[in-house]
Amino acid sequence: MAAVFLVTLYEYSPLFYISVVSLCFVVTAAMVLGWFGFDVPVILRSSDETESILPTPEKQMVQVTNPFTLEMCAGPVSVTDGLSVRACCLEPCILSCFWGCEVGALQGALQAHQHGPRLSTPQHFQEALHFLYYYYQSFHIGTEDREGHHTQIPADQGITDFGLLPRERYPLVAVLTLAEPEARDTYNIVASVTVIHVPDDKYGLSARILFQYLLTSQGSMYELKPLFMSAGSGGASGPPEPDQSTQPSEPREEEASRVEPVLEDKEDEEDEEDEEDEDWSEGRGRDCVVCQNAAVNRVLLPCRHACVCDSCVSHFQHCPICRAFVLESFALAQGTAAAEQ
């Protein structure tokens, strides 16, 4: 019956010719677009397309040790009530809190670090900021100090907000510097600058870290950015990563030791979580979202998703998580990539 219908359609209907020509045009156009890199339906792609995909460029990274980690503590946060921050350092350091620091003054200080004297002490920061801030407070942080430190503008200054948007001052700038001169010669990173938004009467956005910078002894400045893990690989984002670092900073690896169990029956679960954190710091224990076999060891740029292994990264032009174009990638553990090469 089908053959009879096609013969009848061929003899009596011009739609047959139109359908054949249209189908050929669609298939040809899809093949041409796919050849030049445009997205086309998978069913129309050539089976040899995966072989023509160029390998993802390797971003050259430099492994460094970050001696600073700063995070916000839970609790009420406002300009009048202040906030608590917790610092974790590999060496004794000084936490300097600059309330109401001018935006231009901070940007000028960061530029001065790159082109002038290095900002490695609280006094250097005060001079580079030209004292253009409302209030200054400092804390000494030891290597075993895991407690939060509360910083607040004194009530007698009468400061309840920092004006309407756009603002000329950052609510809080927290700076971590090494306390001992010998440690400044040991570590390449000499200071950490964290800009924190604090809600007030004029702008009620919840408290959060806006951005973080690492300053090096050579005058370079790098921004810390988070790595994002897929839901199947733990459901949480990885620790912040500087643009020139290839592994989580050491203070983050010790974060599990600061957690005190509340109930005894949860100790086993916390031990398992500690083991998972240790696995992540060593570059194992997180399965690739593609092959589900090898450990995750590749971070895709610019989306910063850590979701594939060394073998699967060369087969994708788009991130498997967000479908963004992959421009570059780098390895979390240099040893694994070097062993394969």
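Here the side chain of His140 pairs no donor or acceptor atom with the backbone of Ile94 at under 3.5 angstrom. Here the side chain of His149 pairs no donor or acceptor atom with the backbone of Ser138 at under 3.5 angstrom. Side-chain N or O atoms of His124 include none that pairs as donor or acceptor with a backbone N or O of Leu119 at under 3.5 Å. A distance-only check finds a donor-acceptor pair linking the side chain of Arg118 to the backbone of Gly116 [under 3.5 Å].
No side-chain heavy atom of Val190 sits less than 4.5 Å from a side-chain heavy atom of Thr216. Glu102 places none of its side-chain heavy atoms less than 4.5 Å from the side chain of Glu168. Side-chain contact check for Tyr136 versus Pro122: some heavy-atom pair is nearer than 4.5 Å. By the 4.5 Å heavy-atom criterion applied to side chains, Ile196 and Pro171 are not counted as neighbours. Cys322 places a side-chain heavy atom less than 4.5 Å from the side chain of His305. In this structure the side chain of Cys97 reaches within 4.5 angstrom of the side chain of Phe139, judged on heavy atoms. Residues Cys73 and Leu83 form no side-chain contact, since every pair of their non-hydrogen atoms from C-beta on lies 4.5 Å or further apart. Between Val198 and Trp99, the closest side-chain pair of non-hydrogen atoms falls below 4.5 Å.
The cationic group of Arg169 lies under 6.0 Å from the six-membered ring centre of Tyr134 and within 45° of the ring axis, placing it in a cation-pi geometry.
Between the OG atom in Ser78 and the CG atom in Asp161 there is a gap of 11.5 Å [rounded to 0.5 Å]. Separation of atoms CG (Leu70) and CZ (Phe68) is listed at 11.0 Å; rounding is to 0.5 Å. A distance of 7.5 Å separates CG of Asn293 from CG of Asp287, quoted to the nearest 0.5 Å.
Using a 4.0 Å cut-off between charged side-chain N and carboxylate O, Glu58 and Arg298 make a salt bridge. A salt bridge links Arg167 and Asp200; the closest N-O separation between the charged side-chain nitrogens and carboxylate oxygens is under 4.0 Å.
In this structure, a donor-acceptor pair under 3.5 Å is present between the side chains of Arg208 and Ser206. If you check the side chains of Tyr135 and Gln157, you find no donor sitting under 3.5 Å from an acceptor. Looking at Asp81 and Gln152, their side chains never bring a donor and an acceptor atom within 3.5 Å of each other.
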Apply the test side-chain hydrogen bond (donor to acceptor under 3.5 Å, both in side chains) to residues Tyr187 and Glu91: give CA-CA distance (whole Å), side-chain angles for both, the deciding distance (0.1 Å), then the verdict. CA-CA 10 Å; Tyr187 293 92; Glu91 300 288 343; 3.2 Å; yes
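Note on ring orientation: taking the six-membered ring where Trp is involved, the planes of Phe125 and Phe98 are tilted (angle from 30° to 60°).
Paired with Ile209 under the rule side chain to side chain contact (heavy atoms under 4.5 Å, CB included), one option of Val195, Thr194, Leu224 passes, and it is Thr194. Remark: of the listed residues Leu106, Thr177, Leu176, Leu214, Leu106 is the sole one forming a side chain to side chain contact (heavy atoms under 4.5 Å, CB included) with Val193.
Between Tyr203 and His197, the distance separating the two ring centers is shorter than 6.0 angstrom.
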